[in-house]
Amino acid sequence: MSHAPKAVLSVQEVTHSFGSQPVLNDMSVTVHEGDRVGLIGRNGCGKSTLLKIMAGLIVPDEGEVIVRQGVTVALLQQQCPLPETWTVREALDSAVADRQARVDEYHRQLEALAGLPEGSPEHEELAHSTHELQHSIDLANDWGLDLEINRIRMALGLVDESRALSSLSGGELRRVDLAHKLLHRPDVLILDEPTNHIDTQSVEWIERFLEQYEGSCILVTHDRYFLDRIVNRIVEIEFNRLYSFPGTYAKFLEYKCQVELSEGRTESNRQALIRRELAWYKRGAKARSTKQKARIDRLMDVQEQGPPQKHREFVFEIPEPERLGKTILEARDITYAIEGRTLIRNFTLTMQADMRVGIVGPNGAGKTTLLKVLMGKARPKKGKVIIGENTRFLYVDQNHEDVDRSMSIIDHVADGARYWEVNKRRVYIPAYLGNFLFDANALEMPIGRLSGGEFNRLDMVKKLLHGGNFLILDEPTNDLDLYTLRVLEETIDSFSGCAMIVSHDRYFLNRVCTHMLVFEPEGEVVVIAGNYDDYVLYRERRAADEKAAAKAKAKVASNSATGSRKASPARLSYKEKQELEGMEGAIAEAEATVAALEASIQAPDFYEKGHEAVQAELNALKAAQDNVEALFSRWETLEEKRG
């Protein structure tokens, strides 16, 4: 008989404000074992605040948070809280320190046990303690922590372990913090925008990790593919209230559509009822008799109910772009290197009208550098960039380097003005900002107090108003809510110029892109016609082609070796000739065994096995690798003997 999952964390009737500004109002939500909760809502609705309350970092004004006894909770925040004096390795080691201490204690007890006479009371007592400790380590899968650290470190691109956290960029710090939280293995893992500053391959790895994760997970993310693949429940904060929907993000959208259609019909019926009652009411005093008082009361009740709450809608406005010329942008065989490392090698591209180019690649590959080279902000080592006479770049950078966070919202956007001319009309900046959900009373507030999503949206509003006919967007989706993303997608889709976009958001790239630039090893940048899905197909076909080419090469080598054997005088015994003829198959079989064991060891759930099983498989891998080396050595010996 199956039992309902137990609650691990519960938020009960929580209310919280910042100053006079209410953020959360009487909200309740419960997280159960195995839950994968996607928390969504518009920027500024209180998502990050709710996560911090769940993690115990903020005490709510009212209500309480109940965490089941023994349950551990860890939160990935938008700002890394780890000490800047730590190195990357120290940060990762700190996440497993308690687990490593138990493993060290186990080995210490084993050594002590070897020095005690068997059968003595001390030996029996320590043997019992050691057995219990081994059992607890088995249950927690805490053997091989170095391998676990290296697997997560490599998956998230944390290559240099010796670097101090103080020397890392914001994106690098975030990846270190994410690795720290994943290694911590809490019972409840809370992730606030885990895919920000993470390349697409790492995002795919995080998805696989969370699919295997045994604890509960609560996450805020704008990555719609990530939401749809991971979560089994959507919790939405809307109009200062909290709503829970079972199922994936796609199911939530279907349900939300049905709710809004139902609300629309209800409002239509309400309006029709008001019209009928008003018509009756206006007939005169006769209708106002005591007998008809109930109808009058009903009219008043229906009017007081009001329509369902609606969000204010907005659009990103870009001044009508100047017409692009025949030549828009050309890159001719450009190469760019820095500190001896080639980021871009022999890259060629010709931009044509209406092209929307997405750029993907590992962190640090050179995507932002490529944008700067193409805009003429950086000079290539070799090759030439030709910028059309009519081309006007509209650049929105990911780091907002030119922003003074002490400035007020209105001063940052308006630059001292209150009116701008946009598309042959006069725009009043405070009213325009109001359309973007920036309250008039908050326009004098320093922009440094905005949430990440609000800040990103504000800077984009300002820069898009400056206009241009060639959009250059570097990671524009970071921290934006799902509604703002949809608005941005529609803005790019309707833009009459060209666009080039660096992004890790696969859904976003699929919606807007006509072409992809893919960073490959050794500075190669491949141009692909199509969107992100077309890039995935390209990647799969290339892997299949490489596999087929390797197979063909091996076959040619085999045929060559066979021909050579026939032409050479036999110097081998009959038994050795049989051994040599079967050697190629034996090596292939031995290499397949190594590959299978390596795949098993690299699987996310490998260390969920007991210590003995893990150690046995590691020993088997070492033996299989030694066997391959021995077979190759024997093959060389037999070939030399054959002459």
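Here the closest heavy-atom approach between residue Leu488 and residue Pro476 is recorded as CD2-CB, 4.0 Å. Nearest heavy atoms, Leu480 versus His222: O-CB, 3.2 Å. The nearest pair of heavy atoms linking Pro22 to Asn240 is CB-ND2, 4.3 Å.
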TODO: Begin with the C-alpha distance, continue with both residues' side-chain angles, and end with the deciding distance and a verdict on side-chain hydrogen bond (donor to acceptor under 3.5 Å, both in side chains) for Thr221 and Asp223.
DONE: CA-CA 5 Å; Thr221 180; Asp223 190 319; 5.4 Å; no

TODO: Verify salt bridge (Lys or Arg N to Asp or Glu O under 4.0 Å) between Glu33 and Arg68, making sure each step is shown before the conclusion.
DONE: CA-CA 11 Å; Glu33 294 173 339; Arg68 199 173 81 198; 3.2 Å; yes

Task: Test log, rule salt bridge (Lys or Arg N to Asp or Glu O under 4.0 Å), inputs Arg102 and Asp98 - done: CA-CA 7 Å; Arg102 289 199 307 164; Asp98 291 343; over 6 Å; no

Open item on the list: For a salt bridge (Lys or Arg N to Asp or Glu O under 4.0 Å) check, start with the C-alpha distance between Glu520 and Arg539, then their side-chain angles and the critical distance, and finish with the verdict.
Closed with: CA-CA 11 Å; Glu520 300 284 343; Arg539 195 171 66 185; over 6 Å; no

- [ ] Walk me through it: do Tyr255 and Phe252 pass the test ring-ring contact (aromatic ring centres under 6.0 Å, His included)?
- [x] CA-CA 5 Å; Tyr255 183 78; Phe252 159 76; 8.1 Å; no

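Within a 6.0 Å radius of CD in Glu13, other residues, nucleotides and ligands contribute 12 heavy atoms or fewer. Crowding of Arg449 atom CZ: a count of heavy atoms from other residues, nucleotides or ligands under 6.0 Å not exceeding 12. Heavy-atom contacts from other residues, nucleotides or ligands closer than 6.0 Å to CE of Met154 number 12 or fewer.
Only one option out of Lys463, Arg457, Lys462 pairs with Asp459 in a salt bridge (charged side-chain N to carboxylate O under 4.0 Å, His left out); it is Lys463.
Looking at Lys367, its side chain does come within 3.5 Å of a backbone N or O of Gly361 through a donor-acceptor pair. No donor-acceptor distance shorter than 3.5 angstrom exists from the side chain of His16 to the backbone of Val23, with no hydrogens or angles considered. Of the possible donor and acceptor atoms, one in the side chain of Tyr432 sits under 3.5 Å from a partner among the backbone N and O of Glu317. Counting only distance, with no hydrogens or angles, the side chain of Asp192 and the backbone of Ser48 share no donor-acceptor pair below 3.5 Å. Using a distance-only test at 3.5 Å, with no hydrogens or angles considered, no donor-acceptor pair links the side chain of Asn25 to the main chain of Arg241. Under a 3.5 Å cut-off, the side chain of Ser244 and the backbone N or O of Val235 do not form any donor-acceptor pair. For the pair Asp26 (side chain) and Val14 (backbone), a donor-acceptor distance under 3.5 Å is absent. Judged by distance alone, with hydrogens and angles left aside, the side-chain atoms of Arg36 form no donor-acceptor pair with the main-chain N or O of Ile218 at under 3.5 Å. Between the side chain of Arg233 and the backbone N or O of Leu39, no donor-acceptor pair lies under 3.5 Å.
Salt-bridge annotation for Arg224 and Asp228: absent, with no side-chain N of the basic residue lying under 4.0 Å from a carboxylate O of the acidic one. Between Arg229 and Glu204 there is no salt bridge, since no side-chain nitrogen of the basic residue lies less than 4.0 Å from a carboxylate oxygen of the acidic one. Comment: Glu236 engages Lys256 in a salt bridge, judged by a side-chain N to carboxylate O separation of less than 4.0 angstrom. Looking at Arg185 and Asp142, a side-chain N of the basic residue comes within less than 4.0 Å of a carboxylate O on the acidic one, giving a salt bridge. Electrostatic pairing of Glu172 and Arg163 counts as a salt bridge here, judged by a charged N lying under 4.0 Å from a carboxylate O. A salt bridge does not link Arg511 to Glu490: none of the charged nitrogens lies less than 4.0 Å from a carboxylate oxygen.
Because its NZ or CZ atom is not both nearer than 6.0 Å to the ring centre of Phe508 and within 45° of the ring axis, Arg486 does not count as a cation-pi partner of that residue. Figure legend: Arg42 and Tyr483 shown as a cation-pi pair, the cationic atom lying under 6.0 angstrom from the six-membered ring centre and within 45 degrees of its axis.
Between His180 and Trp86, the ring planes are tilted. Angles from 30° to 60° get that label.
With no hydrogens or angles considered, no side-chain donor-acceptor pair links Asp61 and Thr15 at under 3.5 Å. Between the side chains of Asp479 and Asn196, a donor-acceptor pair is found at a separation under 3.5 Å. Asp505 and Ser503 share no side-chain donor-acceptor pair at under 3.5 Å. Side-chain polar atoms of Asp35 and Ser216 form no donor-acceptor pair below 3.5 angstrom. Side-chain atoms of Asn510 and Asp533 include a donor-acceptor pair closer than 3.5 Å.
The shortest side-chain heavy-atom distance between Thr368 and Gln398 falls under the 4.5 Å cut-off.
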